[in-house]
Amino acid sequence: MSEHPFEYVAPDTLEEALALLRAHGAEAKVLAGGQSLVPLLNYRLARPRLVVDITGLPLAHVRAEDGWLRVGGLARHHALEEFAEIARACPLLPEVARLIGNVRVRSLGTVGGSLAHADPAAELPLAMVALDARLTLASASGRRTVAARDFFTGYLSTALGADELLTEIAVPVTRGMGWAVEEFARRAGDFAVVAVAAGVSLDRRGRVDDARVAFAGVADRPVRATAAEDALRGQEPSADRLARVAEIARDGLDPQSDAFVSGAYRRLLAGVLARRALARAVSSEGGSAPLPKPPPGMAAAKPPLEAATPPEPWPQRETPGRRVVINGRAREVDVRPGETLLEMLRNTLGIFDVKEGCGEGVCGACTVLLDGRPVSSCLVLAAAVRGRAIRTVGGLERDGALHPLQEAFVRHGAVQCGFCTPGMLLTALAFLERHPRASRDEVRGALAGNLCRCTGYAKILDAVQAYARGHDAGA
């Protein structure tokens with residue numbers, strides 16, 4: 001791609017980052033997960049003079065204390081999805097996290113980045129409004145706290161100042177409250193056409209003590225259906241009552257038409273999804289929503305709650321040499337500030353087993369493993385990999401032989417044209433390392449973000465399952 005020049009800096013401390021934002025204001029863009037920013041840079045929809053990479057700052061904590069779940073702005077989406085303590089403290093968050101993009105987006109995307117981007121169809125802003133979360137905004141002048149419903153001010157706009165960072169999100173612990181999310185999207189992983197989050201708690205008489213109903217995709221920001229909530233409180237949650245409350249919620253909306261659906265259809269869909277979400281929230285009231293399965297070797301009772309320690313930040317140089325570890329081999333590479341990891345691998349290092357596809361993180365052709373997790377290399381700045389371990393499909397080779405998963409792909413005819421195969425292999429391998437006994441449906445869900453141009457998903461699933469069965473048997 002033709003490159004739009006900008007300076008790149010990776011501050012060592014939060015104070016340094018805030019000082020940079022104060023000095024550069026609107027001419028600076030913050031790089032957190034990069035899943036929204038890098039596509040904007042690729043398409044020249046954002047033209048900053050400075051990119052401030054904050055991924056090395058200590059803001060990835062997740063902890064429960066004093067009735068609050070405190071989530072650092074740099075906590076990754078997969079942390080919400082995987083940590084069992086989060087499911088116990090706030091069961092809405094894991095359910096919402098599983099709907100965000102695909103496994104590659106969830107590997108790098110951050111909670112704070114999603115909220116700051118403020119897409120009105122995104123799941124996390126919807127969840128935070130439904131949960132009455134409180135957001136901490138930091139600047140060089142101090143700290144302030146903003147309620148989630150006041151944070152979102154319009155389409156892709158928030159109360160966040162140009163010199164501020166979203167450092168922490170505080171969510172009230174909602175044990176004993178049933179939650180559910182229902183959404184309709186054109187494809188798995190797309191932003192929702194309409195999404196609904198519903199929460200219900202019951203008193204000792206079986207009547208509704210508290211109710212929450214919030215929508216995404218129906219306005220320029222997440223919307224709370226307060227009239228519907230008021231109509232449900234104090235009532236028995238019968239099917240008829242829930243249907244009526246869903247109608248009230250629907251009738252309070254006035255969504256716009258767009259290129260995908262009409263406003264009338266979106267409004268009708270909102271009512272249907274609200275009824276489903278309310279019914280499921282009532283059925284799960286009391287915190288009975290299932291906990292996610294912990295990865296192998298992780299104790300279910302006391303899983304680690306702190307996110308992984310971020311890598312050491314790089315020196316603040318515009319075009320520094322970068323030490324990266326690719327397929328087990330350390331390499332020193334000079335990179336440009338706007339160069340993506342995909343470009344570095346293919347153009348600079350000549351590693352062509354990484355395929356170039358959509359450039360938007362949608363197709364999965366450019367998938368690599370970054371510290372063991374699948375990422376879209378087209379959405380990662382090469383300057384930000386910071387010596388982390390990168391694995392391409394070429395790194396699966398064992399003593400000159402194919403990896404057993406590759407052999408399974410060959411045996412079951414899953415290779416096909418081969419363009420999507422590297423991403424399929426790496427995504428499947430990373431998933432099975434954490435879920436070695438995954439069902440076919442679970443494997444299908446993990447691979448949903450990797451598109452096959454030959455439409456041969458059945459053989460791919462056959463191959464992955466055959467490998468998993470052999471792996472379990474010690475093959």
Side-chain angles (χ1 to χ4, degrees), residues 1-4 31 33-46 77 100-109 185-191 324 326-327 335-336 338-370 372-385 390-396 403 405-406 409 413-431 443-461 463-464:
M1 67 178 183
S2 59
E3 189 172 322
H4 171 64
L31 175 68
Q35 304 305 280
S36 298
L37 176 61
V38 177
L40 294 177
L41 296 174
N42 288 344
Y43 284 109
R44 310 298 176 264
L45 297 176
H77 298 325
I100 298 173
N102 51 56
V103 293
R104 302 184 309 280
V105 170
R106 298 195 292 273
S107 291
L108 285 183
R186 296 172 62 242
R187 297 176 302 184
D190 280 2
F191 283 117
V324 295
I326 302 175
N327 296 331
V335 299
R336 302 181 305 278
E339 189 176 17
T340 65
L341 175 57
L342 173 63
E343 292 170 321
M344 182 190 78
L345 291 171
R346 290 181 60 86
N347 301 342
T348 304
L349 299 178
I351 301 176
F352 298 113
D353 54 59
V354 183
K355 307 302 182 185
E356 184 171 3
C358 66
E360 300 176 6
V362 173
C363 72
C366 70
T367 300
V368 300
L369 299 185
L370 185 60
R373 290 188 178 272
V375 302
S376 299
S377 59
C378 69
L379 298 188
V380 180
L381 290 184
V385 293
I390 300 164
R391 193 179 190 187
T392 73
V393 74
L396 300 185
H403 187 280
L405 180 58
Q406 292 173 300
F409 266 58
V415 175
Q416 303 171 99
C417 79
F419 197 84
C420 74
T421 304
M424 292 283 185
L425 287 165
L426 293 170
T427 302
L429 187 62
F431 178 72
V443 172
R444 181 184 290 110
L447 293 176
N450 290 79
L451 304 184
C452 175
R453 289 159 174 80
C454 300
T455 67
Y457 296 101
K459 294 182 179 181
I460 291 171
L461 294 174
V464 174

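None of the values given here were measured: they were computed from a predicted structure. The first residue of the sequence shown is numbered 1, and numbering continues consecutively from there.
Atom CG in Leu426 sits 7.0 Å away from atom OG1 in Thr367 (nearest 0.5 Å). One finds the CG atom of Leu425 at 4.5 Å from the CZ atom of Phe409 (value rounded to the nearest 0.5 Å). In this structure, CG in Leu41 is found 6.5 Å from CG in Leu381, a value given to the nearest 0.5 Å. With rounding to the nearest 0.5 Å, the separation of CG in Leu379 from CG in Leu342 is 9.5 Å. For the atom pair Cys378 SG and Lys355 NZ, the distance stands at 15.0 Å (nearest 0.5 Å). The CG atom of Leu45 sits 12.0 Å away from atom OG of Ser36, with the distance rounded to the nearest 0.5 Å.
Legend: residues meeting salt bridge (Lys or Arg N to Asp or Glu O under 4.0 Å) with Arg346, ordered by chain and number and at least two apart, are absent. Contacts of Arg453 classified as salt bridge (Lys or Arg N to Asp or Glu O under 4.0 Å), with partners at least two apart in sequence or in another chain: none. By the side-chain hydrogen bond (donor to acceptor under 3.5 Å, both in side chains) test, Asn347 is found to be paired with no residue, residues two or more places apart in sequence or in another chain being considered. Evaluation of the side-chain hydrogen bond (donor to acceptor under 3.5 Å, both in side chains) rule for Thr421 yields no partner, not counting sequence neighbours. Taking the ring-ring contact (aromatic ring centres under 6.0 Å, His included) definition, one finds that Phe191 meets it with nothing, sequence neighbours left out. Scanning for side-chain hydrogen bond (donor to acceptor under 3.5 Å, both in side chains) contacts around Thr427 gives Asn450, with sequence neighbours left out.
The two residues Ser107 and Pro374 make their nearest non-hydrogen contact at OG-O, 2.9 Å. Closest approach of Leu345 and Ile326 over heavy atoms only: CD2-CD1, 3.8 Å. Nearest heavy-atom pair across Glu356 and Phe419 is O-CZ, 3.3 Å. The shortest heavy-atom contact between Ala382 and Val335 is CB-CG1, 3.9 Å.
Screening Leu31, Val38, Leu341 against Val380 for a side chain to side chain contact (heavy atoms under 4.5 Å, CB included) leaves a single residue, Leu341.
Residues Leu461 and Arg444 meet the side-chain proximity criterion, which asks for heavy atoms closer than 4.5 Å. The side-chain heavy atoms of Asn42 and Thr340, taken from C-beta on, include a pair separated by under 4.5 Å. Between Leu370 and Arg373 the shortest side-chain heavy-atom distance does not fall below 4.5 Å. Taking 4.5 Å as the limit, some side-chain heavy atom of Arg104 sits within range of a side-chain heavy atom of Ser376.
Side-chain atoms of Thr348 and Glu339 form a donor-acceptor pair, as typed in the model, at a separation below 3.5 Å.
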Which is it for Ile100 and Val105 under the side-chain contact (heavy atoms from CB on, under 4.5 Å) test, yes or no, and what are the steps along the way? CA-CA 7 Å; Ile100 298 173; Val105 170; 4.2 Å; yes
